[in-house]
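Notes to accompany the following structure.
Within every chain, numbering begins at 1; the chains are lettered A, B, ... in the order of the sequence lines, protein sequences first and strands thereafter.
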Amino acid sequence: MPENVLKILQERGFVEWCSDPDELSQVFQSRVTSGYIGFDPTADSLHVGHLVPIMGLAWLQRAGHQPIAVAGGGTGLIGDPSGKTKERQLLTLEQVERNLSEIKKQIEHFLDFDCGASSAKIVNNYSWLSKLGLIEFLRDVGKYFTVNFMIARDYVRSRIEDPEKSITYTEFSYILLQAYDFYHLYQHENCALQMGGNDQQINIIAGIDLIRKKLGAKAYGLTYPLLLTASGQKFGKTEEGTVWLSPVRTTPYKFYQFWINADDRDVEKFLKLFTFLPIDDIKEVMSHHARHPERREAQKILAGEITRVVHGDNAVERVKKVSEILFGEAYTLEDLTCELLEEIRQEVPSGNVKEIPSSLVDVLVHVGACASKSEARRLIRSGGVSLNGERVDEENYEIDSDNFLYGKYMLLKLGKKRYHLVERG
RNA sequence: GGGGGGAUAGCCAAGUGGUCAAAGGCAGCAGACUGUAAAUCUGCCGGCGGACGCCUUCGCAGGUUCAAAUCCUGCUCCCCCCA
């Protein structure tokens with residue numbers, strides 16, 4: 001018997017808005033229900049910001065319902081103007097396809113595609129949107145929306161009123177396509193629920209309206225809260241940029257570190273949103289954490305759980321070990337075994353250098369750790385550089401063979417958290 | 001159309017002929033302290049070079065001067081007031 005997943009989602013902080021919570025709860029309890037979320041194929045990888053919707057789908061499945069991930073292959077060719085102040089660059093068909101195949105692999109880590117009635121599905125809206133004729137579209141979809149409704153939206157109106165900005169017909173039409181998606185899925189996949197970020201509320205409502213007007217049927221919508229960190233930053237960004245799920249874009253080590261660095265005030269929220277731990281377990285973790293916040297137990301569990309799902313068991317073990325050494329009590333040369341260095345090499349920026357300059361300053365520049373010699377000197381002078389675990393206090397430090405562990409590795413630390421491994425090639 | 005004020009480094013903001021690469025604040029970087037935190041304290045903070053030096057900056061373009069962010073001329077943009 002399927003469960004009322006709405007209750008679970010609410011408990012875990014996934015629900016910002018729901019079109020009809022009471023009725024939707026009934027539906028969840030009475031039958032296996034399909035719900036979908038759209039993913040924009042604007043990049044070849046998802047990032048941590050996408051984890052909320054993905055986890056939402058995963059919970060749906062765990063409660064016995066069917067998750068559908070809709071890849072926006074068609075809508076991605078148009079571009080959602082929601083929350084955007086500028087016209088977007090259109091993606092080419094090839095770009096969209098390439099991005100989609102990568103994104104699909106990432107989603108597959110979270111969803112089961114072979115478990116009977118609640119098997120997950122990935123569909124590409126290009127497959128139906130591309131077949132839609134213009135006349136047909138204007139008569140069968142466009143007729144149901146007034147321009148008055150479409151320009152009432154703030155971000156549309158602001159772009160209409162500001163002559164500097166303006167909005168094209170293409171982007172203006174976007175909402176109708178998304179509404180049509182929902183309608184199509186309702187008909188062909190029996191999908192009665194659309195979920196999305198809070199900025200998607202109006203687009204979802206448009207779909208619900210279209211289904212009601214054309215089919216006289218009832219569909220439901222649900223939005224997730226937009227995440228901000230406790231310190232007011234947009235969730236998912238670090239100084240170095242977006243935290244991606246792709247190990248090519250963000251190494252598993254950096255990914256793990258991102259979660260380890262979560263603010264105490266955010267940890268509980270994150271554990272609920274980004275792990276499958278039962279609420280009671282999370283409560284227990286948090287009560288331990290409250291007694292000894294300095295141990296970062298909650299962050300460690302959070303980081304371990306998510307990294308395991310995204311990057312796998314092996315990666316977690318490796319990344320934990322590397323983190324322990326790099327951030328543990330001052331490590332000594334003996335700790336830096338050859339195997340460990342091999343692993344560190346995979347997790348931090350590293351470079352294979354043929355001809356090693358003789359001065360540390362030059363190495364720092366050569367390896368790309370510092371932009372100029374002046375910058376390198378400044379960093380050394382202020383005590384921010386250490387070599388194989390020992391601080392360098394000499395501005396003109398000269399490199400020699402002894403600095404290379406096992407004859408080939410040199411571990412540089414820049415500041416508190418940046419590492420760079422130089423490999424002699 | 002008339003009158004007044006303004007444009008300074010990533011941002012805010014002093015400076016009104018030399019001592020100005022330019023006070024102060026914020027942001028940023030690093031160190032100490034910590035929990036790989038917050039707060040606090042210290043140093044750095046236009047660029048480059050082995051810290052003296054060189055190069056590029058004070059809206060733009062010219063000019064006066066041994067010397068200009070500072071004076072003069074023209075231009076561009078912004079704000080306020082009067083019509």
Atom CG of A:N261 and atom P of B:rA37 are separated, to the nearest Å, by 7 Å
Rounding to an integer number of Å, can you tell me how far A:D263 CG sits from B:rA39 C1'?
13 Å
In the strands shown, is B:rU36 matched to any nucleotide by a Watson-Crick or G-U wobble pair with both distances under 3.5 Å, and which?
none
Counting Watson-Crick and G-U wobble pairs only, both distances under 3.5 Å, name the nucleotide matched with B:rU65, or none.
none
Go through residues 358-381 of chain A and report each residue with a non-hydrogen atom lying under 4.0 Å from RNA chain B, sorted by number.
A:S372, A:K373, A:S374, A:R377, A:R378, A:L379
In this structure, how many angstroms lie between the C1' atom of B:rU36 and the NZ atom of A:K320, rounded?
16 Å
Starting at the 5' end of RNA chain B, which residue's closest nucleotide do you reach first, A:A262 or A:G384?
A:G384
Quickly work out the A:Q299 CD to B:rG35 P distance and round it to whole Å.
14 Å
Does a side-chain N or O from A:K413 land closer than 4.0 Å to OP1 or OP2 of B:rG31, or not?
no
Which of residues 282-298 of chain A have a heavy atom under 4.0 Å from RNA chain B?
A:P293, A:E294, A:R296
Please give the distance between the P atoms of B:rU70 and B:rU16 as a whole number of Å.
12 Å
Given B:rG35, B:rG50, B:rA37, which nucleotide is nearest the side-chain atoms of A:K416?
B:rA37
Just wondering, do A:L176 and A:L210 contact through their side chains at under 4.5 Å, heavy atoms?
no
Any-strand Watson-Crick or G-U partner of B:rU76, both distances under 3.5 Å:
B:rA7
In this structure, how many angstroms lie between the C1' atom of B:rG49 and the CG atom of A:N396, rounded?
12 Å
Could you tell me which residues satisfy salt bridge (Lys or Arg N to Asp or Glu O under 4.0 Å) with A:E97, sequence neighbours excluded, listed by chain and number?
none
Residues in side chain to side chain donor-acceptor pair (under 3.5 Å) with A:Q257, at least two apart?
A:S323
Do any side-chain atoms of residues 7-16 of chain A form donor-acceptor pairs under 3.5 angstrom with protein atoms, and if so which ones, sequence neighbours left out?
residue: A:R12; atom: NE; partner: A:K272; partner atom: O; Å: 2.7
residue: A:R12; atom: NH1; partner: A:L277; partner atom: O; Å: 2.9
residue: A:R12; atom: NH2; partner: A:K272; partner atom: O; Å: 3.3
residue: A:R12; atom: NH2; partner: A:T275; partner atom: O; Å: 2.9
residue: A:R12; atom: NH2; partner: A:L277; partner atom: O; Å: 2.8

Enumerate donor-acceptor pairs with a distance under 3.5 Å from any side-chain N or O in residues 301-310 of chain A to protein atoms, sequence neighbours excluded.
residue: A:T307; atom: OG1; partner: A:A303; partner atom: O; Å: 2.6
residue: A:R308; atom: NH1; partner: A:D313; partner atom: OD1; Å: 3.0

Does A:Q257 reach a base, just sugar-phosphate, or nothing at all? Heavy atoms under 4.0 Å.
base
Give the minimum heavy-atom separation between A:V319 and A:P252, together with the two atoms involved.
CG2-C, 3.6 Å
